[in-house]
Visitor: 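Here it is: the structure, laid out below.
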Amino acid sequence: MSTISRDEVARVAALARIELRPDEVDRLAGELDVIVDAIAQISSVATPDVPATSHPLPLTNVYREDVPVPALAVADVLAGAPDAQDGRFAVPQILGEE
Amino acid sequence: MSTSTVDLVDYDDAVRRYDPVLGLEVHVELGTRTKMFCGAEVEFGGDPNSQVTPVSLGLPGALPVVNRTAVEYAIKIGLALNCSIAESCRFARKNYFYPDNPKNFQTSQYDEPIAYDGYLDVELEDGTVFRVEIERAHMEEDAGKNTHVGGADGRISGAEYSLVDYNRAGIPLVEIVTRPITGVGERAPEIARAYVRTLRDIFRALGVSEARMERGNVRADVNLSLRPTPESPLGTRTETKNVNSFRSVERAVRYEVSRQAAVLDAGATVIQETRHWHELSGITSSGRVKSDAEDYRYFPEPDLVPVAPSRDWVERLRAEQPELPVERRRRLQGEWGYADAEMRDVVNADAVDLIEATVAAGSSPAGARKWWMGELARRAKSDDVELAALPVSPAQVAQLQGLVDSGRINDKLARQALEGVLAGEGDPEDVVVARGLEVVSDDGPLLEAIDAALAAQPDIAEKIRGGNLGPVGAIIGAVMKATRGQADAGRVRELVVERVG
Amino acid sequence: MSEDLTRLTAADMAARLVAGTVTSVELTQAHLDRIAAVDGDVHAFLHVSADDALATARDIDARRVAGEDLHPLAGVPIAIKDVVVTRGMPTTAGSKILEGWVPPYDATLVERVRAAGLPILGKTNMDEFAMGSSTEHSAYGPTRNPWDLDRIPGGSGGGSAAAVAAFEAPLAVGTDTGGSIRQPGAVTGTVGVKPTYGGVSRYGLIALASSLDQAGPVTRTVLDSALLHELIGGHDPRDSTSIAEDLPPLVDAARRGASGDLRGMRIGVVTELDGDGYQEGVRARFAESLDLLRGLGAEVVEVSCPHFEYALGAYYLILPSEASSNLAKFDGMRFGLRAEPAEGPVTAERVMAATRGQGFGDEVKRRIILGTYALSAGYYDAYYGSAQKVRTLVQRDFDAAFEQVDVLVSPTAPTTAFELGAKLDDPLAMYLNDVATIPANLAGVPGLSVPNGVSDDGLPVGFQVLAPAKADDRLYRVGAALERALETSWGGPILAQAPELEVKP
Ligand SMILES: [Mg+2]
Ligand SMILES: [Zn+2]
């Protein structure tokens with residue numbers, strides 16, 4: 001059963017901010033199906049009475065005190081930046097911004 | 001943003017024919033020393049990107065750890081808003097791509113907020129109390145700051161880009177979300193404003209934030225919808241983002257009421273969308289349409305473990321709750337001896353803190369009120385700014401009143417001195433000296449001026465000598481004029497009486 | 001001909017350093033020479049940090065001469081999987097999107113390695129962002145199995161396993177999200193340990209799936225793994241999921257196990273991790289190992305874990321979901337690759353999409369798309385939510401099993417190393433490599449793979465031991481006991497059976 005269509009792959013790729021070539025969309029639509037089908041099997045045991053587990057170990061209340069640690073040097077912060085100006089990261093124009 | 005084609009319905013007309021429903025989402029930046037999930041120190045006005053760690057920069061491999069004080073502040077806020085505090089709650093990832101969002105997800109809370117089901121009683125200008133239901137208050141982190149740099153050819157140029165500073169990224173926030181606020185009628189703008197101001201007062205009273213609107217410590221998203229009648233189902237709402245002053249909250253509500261009414265009058269439908277608030281023009285403009293961008297793919301943050309505040313902790317914080325604004329106002333009114341109406345005016349002018357500080361700096365309560373609610377309130381109104389934004393401090397106002405009380409200046413001179421302070425000429429003392437505003441207290445020159453005035457108006461001098469003190473004001477006036485206002489009127493009167501007696 | 005120092009175990013190197021019969025510079029240089037000689041073929045390393053390693057070695061030698069108190073492993077060289085961030089040393093996670101990125105900070109485990117004075121030889125190859133079971137998904141070309149250069153070294157940590165198997169490093173760090181330490185260990189004839197979740201800090205590991213990832217040792221002996229595990233493990237306040245307790249005594253357990261006495265130890269064979277899909281030679285070696293364990297006094301029983309068959313399905317929902325979010329930060333804005341769209345306006349949104357379209361490989365895109373889909377509106381409960389329920393069921397299976405036995409065992413991987421390219425076009429077949437290792441990641445329990453012989457095709461196979469959470473010491477006791485018994489039967493370590501690599505000048 002095919003569950004993920006080409007359009008769905010394209011929609012999800014946009015949501016994931018990944019530009020895909022048409023041939024990649026085609027291939028992913030085919031491959032993702034296989035995985036989704038394989039996954040359908042788990043629904044038989046994932047019944048409402050079973051609680052979900054998000055963490056392998058049940059820890060709670062892990063905090064740090066509100067005490068400063070040294071910040072990164074600004075030069076280190078910007079060292080990996082594809083583009084920077086005046087101590088800040090330069091990024092292409094953001095649509096929908098003033 | 002082009003605005004020329006937007007139709008607006010007159011506000012009063014709009015609220016006669018439509019029932020507005022409000023919803024407010026208020027973000028407050030907590031005043032912790034460090035960020036929500038890392039030890040980067042938070043300080044206002046640091047160099048760009050000087051307050052980040054691998055965590056708040058979202059570098060590969062970095063992991064968050066929750067700031068205990070931020071949780072404590074969130075609980076305090078929840079308690080002050082009469083909320084239940086969750087026995088256990090979790091953080092979740094809100095996934096969306098944006099350059100100011102370093103991980104491209106915001107660590108927030110989703111279906112398990114730390115505080116929920118509360119209310120806040122808001123006192124309106126006429127003294128009535130309006131109850132706002134609180135749906136939830138949750139913890140999250142702030143984003144960085146984009147500065148847009150325009151290209152040489154203006155907005156459409158491809159040369160435009162943004163500069164991003166991540167100092168603000170990761171600062172702890174508490175977001176407080178109301179349930180739909182119904183029954184507001186034509187008072188919608190006033191209620192919205194009063195609600196945000198009351199929250200601001202609470203944040204300060206709790207000591208969880210400096211809550212300075214002008215620094216963006218408190219930011220409101222204003223949801224508004226209209227429906228034909230209070231019995232109708234809720235209409236489509238718009239969310240106006242980042243409205244950052246009390247006045248703007250009021251204006252944004254007013255504007256959206258007028259705009260949406262025009263849309264509905266035209267037979268069109270309101271689009272569910274976020275809108276931007278434009279401070280200068282006082283209008284909102286369309287942002288992105290919600291539906292598509294709203295797929296945030298929330299899921300529990302696997303890098304953090306549940307927050308399960310012990311009941312001991314919560315009860316201790318409840319017991320330690322400081323005096324909240326309503327109680328504080330009641331206490332101050334008693335201490336200051338203001339009438340109900342006077343106190344209400346003070347509250348509505350957002351002058352409680354200013355007057356309290358002025359009194360603390362040595363002024364009488366009456367003197368403090370006189371300046372802040374008189375001369376300074378007029379000035380704020382004509383300059384279209386909040387009272388607190390005027391360039392005068394409570395200490396300066398107290399000093400000014402001190403100069404009056406000691407007789408060194410009179411009220412008229414004091415107003416001139418205040419003008420000097422507002423003009424940036426220094427403290428009242430400095431202005432008085434620099435402008436030579438001191439009251440003439442030496443009797444010599446006063447007597448000279450009195451003698452001259454009596455000689456110039458012999459008929460009046462005669463009446464006074466005959467025991468009729470009625471026209472004495474004419475002599476005083478002449479003396480004041482001769483001394484350019486710097487005479488103490490009371491002393492002049494005494495001297496005139498002595499002279500002719 | 002002088003002795004080949006690279007053939008020593010890490011424990012022996014450490015002993016000789018202490019005795020003063022070898023220096024760290026000699027050891028480090030020997031490994032750098034070995035890398036130069038064989039890594040052209042093996043391609044275990046993405047970056048070799050010769051100068052940095054030798055500087056550390058010189059420093060340690062000097063401090064030893066000065067009589068300083070040093071860590072037991074001080075001076076023993078180590079290789080680090082390229083998914084672990086290293087200050088001043090390139091870190092790519094096997095991806096083009098991070099090509100040339102030099103992190104401004106060290107992972108906690110790297111801090112500990114540096115503080116203990118282990119020269120870092122370099123960064124090892126891996127499947128891009130640890131997604132894969134063959135190291136063929138590295139953007140920088142595959143690593144080859146030292147046993148047969150036409151075969152995969154396992155994955156994602158094929159580089160670390162191959163480096164250790166090829167004597168390019170005595171110690172390496174790996175990470176294991178669904179078997180990426182243990183499965184490469186099995187197919188390269190090396191030892192690999194996935195500690196209890198929370199046992200080794202994740203701070204500074206480029207996250208694949210946060211609730212599954214664990215770093216651990218990759219070595220040639222069980223004792224060496226215990227030594228490295230004790231060095232890198234233990235509580236780290238910078239990782240909220242780190243266990244705030246001391247590790248159990250692991251080195252002691254390994255030494256105790258090597259004494260060969262397993263009386264009183266109850267060993268459970270997982271019914272569901274044997275049978276269909278397991279290669280004949282893998283099953284034969286497994287059965288022989290069970291006999292050896294019985295011979296050492298252990299009681300071997302069969303235990304059923306009925307929900308393990310659902311583990312793979314759950315894993316392939318949890319992993320991509322978390323990965324899709326963890327990998328969102330690679331967007332060309334702050335670090336790494338920035339690519340511009342081929343045409344149309346250059347906006348932040350379009351540059352992000354172009355960067356991710358060009359910077360990520362096929363497998364990474366595949367999993368991000370799947371994870372985004374699984375989390376997107378309307379699917380959360382059916383997919384991610386259901387998977388989290390299976391996790392509960394797998395945990396319950398483990399809990400019930402560990403009521404009956406002290407450890408569980410299975411073959412580590414169903415087959416020996418396959419040929420490069422054999423499964424590249426079949427993601428599901430690739431995923432089946434991890435069927436035996438995944439349950440431990442879902443439940444957070446520790447697992448070890450120790451080589452237990454060669455299959456009919458002459459390639460090594462691995463024996464997996466699983467223990468309850470925080471009982472990692474049991475892995476070392478059973479693993480060391482089996483290792484000792486096997487080596488006695490072989491008359492030497494398993495790698496002595498591997499063909500010698502051609503040494504290039
Ligand atoms: Mg909002
Ligand atoms: Zn928010």
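Each chain gets a letter, A, B and so on, in the order the sequences are listed, and its residues count up from 1.
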Visitor: Looking only at heavy atoms and a cut-off of under 4.5 Å, which of C:M352, C:K365, C:K470 has the most pairs with chain A?
Guide: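 Most heavy-atom pairs under 4.5 Å with chain A: C:K365.
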Visitor: Give, as side chain, backbone, both or neither, the part of C:V102 having an atom under 4.5 angstrom from any heavy atom of chain A.
Guide: neither
Visitor: For C:T196, is it the side chain, the backbone, both, or neither that has a heavy atom closer than 4.5 Å to a heavy atom of chain A?
Guide: side chain
Visitor: Side chain, backbone, both or neither: which part of C:S324 has a non-hydrogen atom closer than 4.5 Å to chain A?
Guide: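 Contact with chain A is absent: no heavy atom of C:S324 under 4.5 Å.
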Visitor: Out of A:R64, A:H55, A:R27, return the one with the most heavy atom pairs under 4.5 angstrom to chain C.
Guide: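 Sorted descending by pairs with chain C, the first entry is A:R27.
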Visitor: What's the separation between atom CZ in C:F360 and atom CD1 in C:I369, rounded to the nearest 0.5 Å?
Guide: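 Spacing of CZ (C:F360) from CD1 (C:I369) equals 10.5 Å.
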Visitor: Within this structure, what is the CG-CZ distance for the pair C:L208 and C:R367, rounded to the nearest 0.5 Å?
Guide: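 The distance works out to 7.0 Å.
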Visitor: Sort out for me which of A:S54, A:A14, A:A75 touches chain C most, counting heavy-atom pairs under 4.5 Å.
Guide: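 Top option by heavy-atom pairs under 4.5 Å: A:S54.
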Visitor: Between A:A90 and chain C, which part of the residue has a heavy atom less than 4.5 Å away: side chain, backbone, both or neither?
Guide: backbone
Visitor: Could you check whether C:S201 and C:R238, counting side-chain N and O atoms only, form a donor-acceptor pair closer than 3.5 Å?
Guide: no
Visitor: What is the ring orientation for C:F335 with C:F330, classed by angle as parallel under 30°, tilted 30 to 60°, or perpendicular over 60°?
Guide: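 C:F335 and C:F330: perpendicular rings.
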Visitor: Is any side-chain N of the basic residue among C:D331 and A:R17 closer than 4.0 Å to the acidic one's carboxylate O?
Guide: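 Salt bridge between C:D331 and A:R17, a charged N being under 4.0 Å from a carboxylate O: no.
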Visitor: Measuring heavy-atom distances to chain C, does A:A79 have an atom under 4.5 Å in its side chain, in its backbone, in both, or in neither?
Guide: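 Neither part.
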Visitor: Which atoms of A:L20 are under 4.5 Å from chain C, going by heavy atoms: the side chain, the backbone, both sets, or neither?
Guide: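 A:L20 touches chain C through side-chain heavy atoms alone.
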Visitor: Near A:Q85 CD, under 6.0 Å, is it more than 12 heavy atoms from other residues, nucleotides or ligands?
Guide: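 More than 12 within 6.0 Å, yes.
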Visitor: Between A:S43 and chain C, with a heavy-atom cut-off of 4.5 Å, which part of the residue counts as in contact: side chain, backbone, both or neither?
Guide: neither
Visitor: With a 4.5 angstrom heavy-atom cut-off, which part of A:S44 approaches chain C: side chain, backbone, both or neither?
Guide: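 When you check distances to chain C, only side chain atoms of A:S44 fall under 4.5 Å.
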Visitor: What part of C:A469 is in contact with chain A, defined as an atom under 4.5 angstrom from a non-hydrogen atom: side chain, backbone, both or neither?
Guide: side chain
Visitor: Going by atom types alone, do C:S242 and C:R202 pair a side-chain donor with an acceptor below 3.5 Å?
Guide: no
Visitor: Once you measure the plane-to-plane angle for C:F402 and C:F398, does it fall in the parallel (<30°), tilted (30-60°) or perpendicular (>60°) bin?
Guide: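 It falls in the parallel class, under 30°.
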Visitor: Hey, which of A:L59, A:V62, A:L57, A:V50 has the most heavy atom pairs under 4.5 Å with chain C?
Guide: A:V50
Visitor: Could you tell me the separation between the CG atom of C:D213 and the CG atom of C:D176, rounded to the nearest 0.5 Å?
Guide: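 So the CG of C:D213 and the CG of C:D176 are separated by 9.0 Å.
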